[in-house]
Protein chains: 4
Amino acid sequence: MPERSLARYPQAVTDWRDFSDDGLTPTLRAARGLFARNGYHATSIRAVAEAAGLSVPGLYHHHRSKQAILGALVDATMDRMLAHTRAAEADSDGTALGRFDNVLECLLRFHMLRRDDAFVASTEMRSMDDTLLLRHIAQRDEQQRMIADIIAQGVADGTFRCGHVDDGARAAASLCVAVAGWYDPTGVLTADEVVARQLDIARRIAGFPPPP
Amino acid sequence: MPERSLARYPQAVTDWRDFSDDGLTPTLRAARGLFARNGYHATSIRAVAEAAGLSVPGLYHHHRSKQAILGALVDATMDRMLAHTRAAEADSDGTALGRFDNVLECLLRFHMLRRDDAFVASTEMRSMDDTLLLRHIAQRDEQQRMIADIIAQGVADGTFRCGHVDDGARAAASLCVAVAGWYDPTGVLTADEVVARQLDIARRIAGFPPPP
Amino acid sequence: MPERSLARYPQAVTDWRDFSDDGLTPTLRAARGLFARNGYHATSIRAVAEAAGLSVPGLYHHHRSKQAILGALVDATMDRMLAHTRAAEADSDGTALGRFDNVLECLLRFHMLRRDDAFVASTEMRSMDDTLLLRHIAQRDEQQRMIADIIAQGVADGTFRCGHVDDGARAAASLCVAVAGWYDPTGVLTADEVVARQLDIARRIAGFPPPP
Amino acid sequence: MPERSLARYPQAVTDWRDFSDDGLTPTLRAARGLFARNGYHATSIRAVAEAAGLSVPGLYHHHRSKQAILGALVDATMDRMLAHTRAAEADSDGTALGRFDNVLECLLRFHMLRRDDAFVASTEMRSMDDTLLLRHIAQRDEQQRMIADIIAQGVADGTFRCGHVDDGARAAASLCVAVAGWYDPTGVLTADEVVARQLDIARRIAGFPPPP
DNA sequence: CATGAATGAGTTTTCATTCAT
DNA sequence: CATGAATGAAAACTCATTCAT
């Protein structure tokens, strides 16, 4: 049974830094690559089937429509993102800075290592039907609320200085999302170095260290 | 003759804060709206013609292809963005902070007031043919270099503290681009308030004020 | 073994007015309903399987093709129609009017009570392959010849007055067939009342009572 | 402009016996033939286009969907049928028998000479969408009411004897409709002879001449 | 510039049917 | 018989584009 359908919530995250297994079926992997490179509407179902090594009706055996493929992809992506960032937060020391660093590092790695998945999820919002879009937005907002909560803790205890917590959280999240658009795994910088640099920027967005 | 084609470089910018006139033909205005809402590939040439109040052959009288419409739109957008940010910089007091504030405020206003234009230009890169894409990237990079130069000046004279100038410039530029994705002109905050908040975040990205 | 395949000729008819048991397998019952409502070509084999509570390969276990399903349905319908009308005739007093009334009443009840079966058989002639079509036409013609013989007897002995016996037989048969298209078992008239009214019309078609 | 779209109501009928001009566009003529021979669902839009000498998109230039083609065909058919039967009635001497003979003769000729049109309209009711079906049924019912009115007049003045006027009208109309299913213009009988025989049957259905 | 007509190549989706297990 | 997977062929329909008038 090669195309096991994804459970909505993946098994427990053991290492929140590990994104080596994408957990996707061949079909979704094929769709992800094509959607990322050409866009949803510029990708034909024929091309997806071909890339997945299936005939067109074979593909429809697994997914009832092109939109359903996008849905499965986006759901898997957002589920994984939330599951990992939650694990990262749980793995922290509980301080504002500790939580912030873990969650932001996790988000950065996710957008670097699951580049195409993340790119599709953030780029194809216009291509999602209403129910999928609502689900996606809800999870995106949940992610930002998580960051906002952390910043608020830091502002309260003096770790951060940030006038508008929600704006800061959005900017920090956007910073991570943007990484999926330019990060090149074959580039000169190591992944760790990229993470360090972007995390430094994220900290400044949150107002760390606070000026005197 | 309602559809005067755009000169490649618009007339001199008299007020870099003023984006009230988009300088677009009805056709480009129609295409912009549809491309922004539905995406390039999900927009048919017929829909553009209809929204522009033209017949299909009439539309082809003005633009030789669908791609040429995207090209004209993107070119106009990037030309205007660069022209305004250059004017904003020239209008500054020449200090690093003065140049930074003017350029970033200009970029923010551009992405807020020319929302759809900016959104299409940044979203439809995958839909651009090679020559258009190169042109677009060159102008985007020029814009980022401009910011990087300013940050570098500030780092040199102690105004900013920023370990990696290029990363900072990209993050600041991305911050502005992201605004086009969420800014709602009918929202509760005034445009000036949004600009102030985002400019504050941009300054922190550049490392201002520098911690002791 | 729920899906016993039909013998070509059903067991002897004990009561020619009784159509309570259609003698169909679940598959044929499902197909009949869908063919009647949507038509043969608008009905998918998957829909038939689902309505029959079978899997698609399970359905193919019983019938070698979609066409074979139609064939089994039409054959069963025509066999039953002929068997019942023959029984009705045999049950008569042998006079022209007695034979006519019995046969026509039987035909009318058949088209009312086996509505969908009759409707499919008469409506889907265009969907039958050559051999099935020939079989169907042969049985339909046999039915009409039966009526024509009866009318001819009545014309000969003065019971009926009908210039063109074959035309009359066809018109009488068509009258019955048409009933399957409009009869509503939930309507205000009882089945017996409908039979009486239509039989009256059929008699007039045959020229009974003859004008002086 | 080869494909003039049909006005909903054809020009005034000058000779209600004349059905030589079908007033159809080449597309509708092609569709009519294929729908009549193979049925709506068994006819592909490709086949219609080919038979009409058009490419597939060329066909869609004239009709927005396959259903719209059926609609145009059925509407034209029913409009023509009603227009001619009204003209036939108006052309009568006003007596019940005169009206009846004219209207029924007209209906018979229509179903003989516009065989395929009539056959499609009566056979493809299951393939019509709701609005088209309602329109079709309304016109069919109007036709039957016309016949019922005439029979009622004849029953009132003693010309006809018919216990249930509506049943008689339906049977008479069905008789005509059935003709489209079996009439063969190349057969041995002349059209006039067929009309005469069937009209004779129709009169008997209405109860003419009344038995003493 | 509008109208009207046209088209090759493409789109997403469904069909009847088969086969291994 | 069910499940699950598969497929060639075809379905209805749309695309960007062109051309004559």
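Worth knowing before you read on, the calculation uses all heavy atoms, side chains too, and leaves out hydrogens, waters and symmetry mates. Every chain is numbered from 1, with letters handed out A, B, ... down the list of sequences.
- The stretch residues 38-49 of chain C comes close to DNA chain E through C:Thr43, C:Ser44, C:Ile45, C:Arg46, each having a heavy atom under 4.0 Å from the strand.
- The heavy-atom pair separating B:Gly33 from B:Asp116 by the smallest distance is CA-OD2, 4.2 Å.
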Open item on the list: Taking Watson-Crick (N1-N3 plus N6-O4 or O6-N4) and G-U wobble (N1-O2, O6-N3), each under 3.5 Å, can you produce the dot-bracket string of DNA chain F? Use [ ] for crossing pairs and | for inter-strand ones.
Closed with: .||||||||||||||||||||
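- Here the side chain of D:Pro57 is nearest to one of F:dA6, F:dT17, E:dA9, namely E:dA9.
- Side chain of D:His136 to backbone of D:Met125: no donor-acceptor contact under 3.5 angstrom is found.
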N/O donor-acceptor pairs under 3.5 Å from side chains in residues 127-134 of chain B, not counting sequence neighbours:
from, atom 1, to, atom 2, distance (Å)
B:Ser127, OG, B:Glu124, OE1, 2.7
B:Asp129, OD1, B:Thr131, OG1, 3.3
B:Asp129, OD1, B:Leu132, N, 3.1

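- The side chain of C:Tyr60 approaches E:dA16 more closely than any other nucleotide in the set E:dT13, E:dA16, F:dC13.
- Along DNA chain F, the nucleotide nearest D:Gln67 and the nucleotide nearest C:Leu59 are compared for position; the residue whose nucleotide lies closer to the 5' end is C:Leu59.
- Listed by first then second residue, pairs satisfying salt bridge (charged side-chain N to carboxylate O under 4.0 Å, His left out) with a partner in residues 25-34 of chain B read B:Asp22-B:Arg29, B:Asp22-B:Arg32, B:Arg32-B:Asp117, not counting sequence neighbours.
- Of the candidate nucleotides E:dA5, F:dG4, E:dC1, E:dA5 has the atom lying nearest to any side-chain atom of D:His62.
- Within the structure, salt bridge (charged side-chain N to carboxylate O under 4.0 Å, His left out) contacts touching residues 53-74 of chain B (residues at least two apart or in different chains) do not occur.
- When all heavy atoms of B:Asp75 and B:Arg135 are compared, the closest pair comes out as OD2-NH2, 2.5 Å.
- Side chain of A:Tyr40 to backbone of A:Gln67: a donor-acceptor contact under 3.5 angstrom is found.
- B:Gly53 comes within contact range of the sugar-phosphate backbone alone, with a heavy-atom separation under 4.0 Å but no base atom that close.
- In terms of the side chain to side chain contact (heavy atoms under 4.5 Å, CB included) criterion, residue partners of B:Ala42 (sequence neighbours excluded) are, by chain and number, A:His41, B:Asn38.
- When the nucleotides F:dA2, E:dT13, F:dA6 are ranked by their closest atom to the side chain of C:Leu54, F:dA2 comes out on top.
- Backbone-only contact: C:Gly58 has heavy atoms under 4.0 Å from sugar-phosphate atoms and none from a base.
- Remark on DNA chain E: of its neighbouring residues A:Arg64 and C:Arg64, the 5'-side contact belongs to A:Arg64, judged by nearest-heavy-atom nucleotide.
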Report all side-chain donor-acceptor pairs from residues 44-55 of chain A shorter than 3.5 Å, counting only partners two or more places apart or in another chain.
from, atom 1, to, atom 2, distance (Å)
A:Ser44, OG, A:Arg46, N, 3.4
A:Ser44, OG, A:Ala47, N, 3.0
A:Ser55, OG, A:Gly58, N, 3.2

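- Comparing atom distances between the D:Val56 side chain and each of E:dT14, F:dC13, E:dG4 picks out F:dC13 as nearest.
- For A:His61 and F:dG4, the NE2 to C1' distance is 5 Å, given to the nearest whole Å.
- When distances are taken from the side chain of A:Lys66 to each of F:dT17, E:dT13, E:dA2, the shortest belongs to E:dT13.
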